[in-house]
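Given the structure is predicted, the values throughout are model-derived calculations rather than measurements.
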Amino acid sequence: MKGESSAPKVVLIDGYIDDPAALGVPPYISPMIRAVAGAAMDAGGEVEYISIDMLRNGAELPDADVTVLLSGNTVPGKYLRSMPMSLKEIKEFSPKMKGWKMIGGSSANAPEAKLFDFRIHKDLAASLYDGMTGKEVTERQRTLEEWNRWMVLGADIVTSHQDFPHPLMVEIESYRGCHRYASGGCAFCIEPTKGRPLMREPEDILEEARRLRELGVRNIRVGGQTCIISYGSTDFESGVPRPVPSKVRSLFEGLRSLGFEHISVDNANPAVIATYPEESEEVIRTLAECCSSGNVLALGLESADPRVGAANNLNSTAEQVLDAIRLINKVGAERGPTGLPKILPGLNIICGLEGETFETYILNKEFLQRLVDENLLVRRINIRQVIDSRKEFHVKMNEKRFKKFKQSVREDVDHVMLERMVPVGTILKDVYMEIHDGSVTFGRQPGSYPLLVGVPYPLELDKSYDILVTEWGFRSITGITYPFDINSMPMSSLSALPGIGKKRAATLALKRPFTDFSDLSRAIDDPHVIEGLKGFIVFGPRD
């Protein structure tokens, strides 16, 4: 291809990123890699996208004049079927990369990054553009004009992603930076280092979204911001900006009109919600109306210990977080079309921050117990250890204490929340099945923090099913396909029916086909079990 075109060939390797303000591990594709593509095209380049999963599956690295790698995770998590490029893989693939080489993302800080000609720590797209247009490669942020232009230009690479068009979730950025930049923000967070917030206007975001929809994108997530409630605010000095509901409504009504199948959001500042409850309620109602149900507003509690809050300049007090959780529940706890509540809070807790003591864990657990006692819903509680991505923390982690705390939250809080949020009999719509693990099939609905769903029998992968909830784990649920044809489903699935088990499943397999519940009751002499099966069992012709 190089011989056919005078344009420089740029190969983009998506090693995946996972940051507090950007998801990029499949089924997500980050806005950062799309901005890099747009910058390369704006500089006259011919772009080819390839993901680390494609390389893992045997794809060859093509010839190139420039090879760019984006990779790294600053908030390591558990992944279902993929993960960010490892340092070992960077070392393995870097000698095969052609042309001059550039790396960005948190992997640029690793020793393996020395294998690259340029290691970019700020804005990979801006640095690439400068290098390709003959300027000195420096660490700078893109301008607003560049940002908007590059997101439209780089949109087309989504069609090369292995998850396109479904279950691919395309993240769209609304603004960068932090409203608390003047005070330095939370000590662990990199967002304040991006400086004063730079807001994209609704019409610019909608132009990008319109192009993505034209390409066939079905699912989007508005991320890349520290607080979606604060979108559109021009108060950059107070640290707690008053929301501008009209801006949020303009954006999300526009997104809804484009016909995406799924729209979700991410972070929210609980201090903003608690300080401006009326404006915040209006914004949350807009999100509940315009986005898909199952949406999550991730709130940064980080620690309920006020001493830890002061030592790390944390965003919100425990009482502000509690007020925010109450308000989000008030607006969003109603069940929506996907089977999940319309919009619920998520909660982030970080261990290992400065000033942490044994009492910190007690205060954190007491705070979470208040949520249980008040009958509030929280969709997701994320507990992690702090990462020295911005500064070094000096607290010596007690791993035994950390694990004990995490386990107690899973048992005493997470399980209760799942029981309340998805009672037995709840039907979750369009669960996309992704992997087999033994005889269990695991899948998720589209969303920011989708609930993991396990079905205890084999199902065809890369296909969506409606799932009826039968029981709960600590952070996942078990269910069966809905409706459930008792005459044709394999015997392995019959035992998953409520009240059946292996012994009754064998009896059912021998005595079917059944014509109706009266017929079924002759095989199951238990009226309570029969009653529990009504509403989702169907009697089709036996295969």
With a 3.5 Å distance limit and no angle check, can you tell me whether [X] reaches the backbone of [Y] through a side-chain donor-acceptor pair?
{"X": "His436", "Y": "Leu459", "value": "yes"}
{"X": "Asp18", "Y": "Leu23", "value": "no"}
{"X": "Tyr432", "Y": "Leu461", "value": "no"}
{"X": "Ser292", "Y": "Ile263", "value": "yes"}
{"X": "Glu302", "Y": "Ile349", "value": "no"}
{"X": "Asp123", "Y": "Arg142", "value": "yes"}

Mind checking whether [X] and [Y] have side chains closer than 4.5 Å, heavy atoms only?
{"X": "Tyr361", "Y": "Phe402", "value": "yes"}
{"X": "Leu347", "Y": "Val321", "value": "yes"}
{"X": "Leu255", "Y": "Val222", "value": "yes"}
{"X": "Pro243", "Y": "Val272", "value": "yes"}
{"X": "Val372", "Y": "Arg420", "value": "yes"}
{"X": "Lys391", "Y": "Glu354", "value": "yes"}
{"X": "Ile467", "Y": "Val455", "value": "yes"}

[X] with [Y]: basic N within carboxylate O range, under 4.0 Å:
{"X": "Asp163", "Y": "Arg81", "result": "yes"}
{"X": "Glu191", "Y": "Lys194", "result": "yes"}
{"X": "Arg249", "Y": "Glu289", "result": "yes"}
{"X": "Arg307", "Y": "Glu359", "result": "yes"}
{"X": "Asp414", "Y": "Arg380", "result": "no"}
{"X": "Glu279", "Y": "Arg242", "result": "yes"}
{"X": "Glu319", "Y": "Arg370", "result": "yes"}
{"X": "Glu261", "Y": "Arg218", "result": "yes"}

Residue list, side-chain contact (heavy atoms from CB on, under 4.5 Å) with Pro202, at least two apart or on another chain: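 Result, side-chain contact (heavy atoms from CB on, under 4.5 Å) vs Pro202: Tyr231, Lys247, Ser250, Leu251.
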Checking side-chain polar atoms at under 3.5 Å, does [X] have a donor or acceptor matched by the opposite partner on [Y]?
{"X": "His415", "Y": "Glu419", "result": "yes"}
{"X": "Asp305", "Y": "Thr360", "result": "yes"}
{"X": "Asn295", "Y": "Ser264", "result": "no"}
{"X": "Thr226", "Y": "Tyr175", "result": "yes"}
{"X": "Trp147", "Y": "Glu173", "result": "yes"}
{"X": "Asn269", "Y": "Arg180", "result": "no"}
{"X": "Ser238", "Y": "Asp235", "result": "yes"}
{"X": "Tyr457", "Y": "Thr481", "result": "yes"}
{"X": "Gln225", "Y": "Ser174", "result": "yes"}

How would you list all residue pairs meeting salt bridge (charged side-chain N to carboxylate O under 4.0 Å, His left out) that involve residues 332-341, not counting sequence neighbours?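 Every salt bridge (charged side-chain N to carboxylate O under 4.0 Å, His left out) pair that includes a residue of residues 332-341, provided the two are not neighbours, is Glu334-Lys342.
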Does atom NZ of Lys330 have more than 12 heavy-atom neighbours from other groups under 6.0 Å away?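 Not buried by this count: 12 neighbours or fewer within 6.0 Å.
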Is the number of heavy atoms from other residues, nucleotides or ligands under 6.0 Å of Glu399 CD greater than 12?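 Yes, the 6.0 Å shell around CD holds more than 12 heavy atoms from other groups.
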Centroid separation under 6.0 Å, is that true for the rings of Phe536 and Tyr482?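 Ring centroids of Tyr482 and Phe536 are no less than 6.0 Å from each other.
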